[in-house]
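What you see below is based on every heavy atom in this structure, not just the backbone, and it leaves out hydrogens, waters and symmetry mates. Chain letters run A, B, ... following the sequence lines, proteins first, then strands; residues in each count from 1. The model shown is predicted, which means the values in this text are computed figures rather than measured ones.
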There are 2 protein chains.
Amino acid sequence: MATIHDVARVAGVSISTVSYALSGKRSIADSTRQRIDDAVQQLGYLPNAGARMLKGTRTNILAVSAPLHAGTYAPAHMTFVLSVATAAREYDYDVLLLTQDEATSGISRVAQSSLVDGIILLDVSNEDPRTDLVRRLGLPATVVGVPAETDGLTCVDLDFERAAEMCVERLVDLGHTDIGLLGQAPLVYKRGSNFPPRFRSAFAQMGARLGAHTTFAPTDEDSASVVAAFDRISAALPEMTALVMHCNEPVQSMVLEILRQRGIRVPEDLSIISACSTFDTDHLNPPLDVIPLPADKSCTRAIALTMEQLAGNVDPHVELIEPTYVELGSTSSVTH
Amino acid sequence: MATIHDVARVAGVSISTVSYALSGKRSIADSTRQRIDDAVQQLGYLPNAGARMLKGTRTNILAVSAPLHAGTYAPAHMTFVLSVATAAREYDYDVLLLTQDEATSGISRVAQSSLVDGIILLDVSNEDPRTDLVRRLGLPATVVGVPAETDGLTCVDLDFERAAEMCVERLVDLGHTDIGLLGQAPLVYKRGSNFPPRFRSAFAQMGARLGAHTTFAPTDEDSASVVAAFDRISAALPEMTALVMHCNEPVQSMVLEILRQRGIRVPEDLSIISACSTFDTDHLNPPLDVIPLPADKSCTRAIALTMEQLAGNVDPHVELIEPTYVELGSTSSVTH
DNA sequence: CCGCATAATCGAAACGTTTCGACGATTTCG
DNA sequence: CGAAATCGTCGAAACGTTTCGATTATGCGG
């Protein structure tokens, strides 16, 4: 492996000149820079990561803590991990993956051995031990999601409350007064995951405020549960004309399947909105109006915030991303 | 952050003594070791990763190259990434995630900057540019999957041919003579992904050898495609009494849904085997006999092989994992 | 034409480890 | 009982960078 010494020798300069030429921190004669660039090219030189970590104050590595909880939808999880990795590369950062048990203990380990410059926390629950940990470590860190206690934390997330409100507002505007909400797995609400309850209660409140009847049912991923949940909602709201789905892709396609079987037409008989979904709803049958959960946006912002923390100019705060509504034809106004 | 100097000072010894006490590479008096351990504990000392990488010959980091291709089933993908990370930790290795465009170019980058000791390649296709790359780099590397050309490569994978044969053998043993195969997305077969065609042709060959009629159809993930594919198979094999599914979870549950709708009973009217699945089939309705695709086994072995390469005692070779058949009641003998 | 700011380059120190060779102090053994 | 082997410890070098002064060459105003 070529070192900076090799480059210096080939270019006929000292190593400090090479270093300055590459970092651009001091002015270098054009001719010299050219020779150095050539040597670098020829030798395929890349600075040794260890040496750079040791000397410089940066490791150019970020830890991403991504435990896979039961009830977490794997594709969504994956989408976030990938988005973080991609966003990090924009700043010349690599990503170290901490999962499972290591998702918590690994944080201390990599922080104390100065392996990483910062930490990204994914899939935080309300009372997440990792939040205290990063507070204590004092390392730049950004949480994707909003835990119960956000003091001293930098967080980014979709504005789930606003998203729920947008769903209700739109449907009420279209004349709907009986609106169901199909939620995630019961476990998700119990485990203390943060956004599902947030969405659920904002939904109920907005419904109450605008004078609509709403009801809620969680569901597991198997078809029996989905049918049961749908029936429960239908029973509670016999006049239901609109349904908001805040759940996984398989569940959403099962619901559409149930509707087809029962001859319930979308949107003529039932208006449907897919809320906070990480997947494309336009290949569903029919395509569903959706408020996307923008993993790329959240993660890009999370990385940007972490970089700002590294630069030292940002105070802990919570940033909520404004939801957007995408119309694909699965809602219509009520016609009596 | 505490350094080895701090530990040495607190314990009242030289830094080399501390280093030897921690690495165990030279004998140390019990009393001294005790004082050192105490100091380490008290200071929360962990060796600086950069310094260790620089001096030692190991970085204790592995790169895992995991591009997410179109047509790749995200949960399966995620399962492999997690398994690699978990297995690596058993050897005190961390995992650096290379995805998307960086899945290829990042390999050279992290290798040439000596950031990683080895590389794990996931989801390789027949002609994968990454295989040439790792051959050229000469860094310890293990491929999970089997590309077209395996010379000079260390590969681990489920024995897909054997799995296909097991399916056919079992069904023929049970008296079935008309056996369908429902495959993955057409794209997967076109892209040059390796195992789906391997499975498919072994399936056909074994069918021919045992005198069974077989037919094959790929399918996309939407319900229209699934129905079409199922109908195509049924049309080609009007007497079909058994179906092997080598496809994603959503597709498999859609098929079960179709069967329910049409009143086709499992296993009375149709025996079903779920082949090479990364998910649990026992929560399906009904639970399906399955030959699992053991991500943890493959990845654990891949990491072990990489560690052996690091130790310098293993030659490039291909290792195939023997499939296992799990009976859950979705197959039965033909009754006329 | 002299002194001085500026540009371009260099040498050396420092980052925190690991590891080699050295050196007393014990122990072993012929 | 003396030489040799072993044990426990230490100092110093080396890994490949970055960066801080220092040094030399160059251009400029007075």
Donor-acceptor pair, B:R130 side chain versus B:T104 backbone, under 3.5 Å?
-> no
Does the A:T99 side chain pair with the main chain of A:A66, one donor and one acceptor, at a distance under 3.5 Å?
->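 Flag not set: sc A:T99 to bb A:A66 has no pair under 3.5 Å.
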Under 3.5 Å, sequence neighbours excluded: what are the donor-acceptor pairs made by side chains of residues 112-122 of chain B?
{"residue": "B:S113", "atom": "OG", "partner": "B:R109", "partner atom": "O", "Å": "2.9"}
{"residue": "B:D117", "atom": "OD1", "partner": "B:T59", "partner atom": "N", "Å": "2.9"}
{"residue": "B:D117", "atom": "OD1", "partner": "B:T59", "partner atom": "OG1", "Å": "3.1"}
{"residue": "B:D117", "atom": "OD2", "partner": "B:T59", "partner atom": "N", "Å": "2.9"}
{"residue": "B:D117", "atom": "OD2", "partner": "B:N60", "partner atom": "N", "Å": "2.9"}
{"residue": "B:D117", "atom": "OD2", "partner": "B:Y93", "partner atom": "OH", "Å": "2.6"}

Between [X] ([atom1]) and [N] ([atom2]), how many Å, whole number?
X: B:Q34; N: D:dG8; atom1: CD; atom2: P; result: 15 Å
X: B:N60; N: C:dT17; atom1: CG; atom2: C1'; result: 13 Å
X: B:R9; N: D:dC10; atom1: CZ; atom2: C1'; result: 18 Å
X: B:H5; N: D:dC10; atom1: NE2; atom2: C1'; result: 13 Å

C:dT18 OP1/OP2 closer than 4.0 Å to side-chain N/O of B:K25 =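 For C:dT18, neither OP1 nor OP2 has a side-chain N or O of B:K25 closer than 4.0 Å.
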Where does the angle between the aromatic ring planes of A:Y73 and A:F279 fall among parallel (under 30°), tilted (30 to 60°) and perpendicular (over 60°)?
->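 Rings of A:Y73 and A:F279: perpendicular, as their planes differ by over 60°.
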Are side-chain N/O atoms of A:T142 and A:T154 paired as donor and acceptor at under 3.5 Å?
-> no
Taking protein heavy atoms under 4.0 Å as touching, what does nucleotides 8-15 of chain C look like 5' to 3' if B marks base contact, S marks sugar-phosphate-only contact and - marks none?
-> SBBBB-BB
Any residue meeting side-chain hydrogen bond (donor to acceptor under 3.5 Å, both in side chains) with A:E319, in chain and number order, not counting sequence neighbours |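 If we apply the side-chain hydrogen bond (donor to acceptor under 3.5 Å, both in side chains) test to A:E319, skipping adjacent residues, the hits are A:R301, A:H317.
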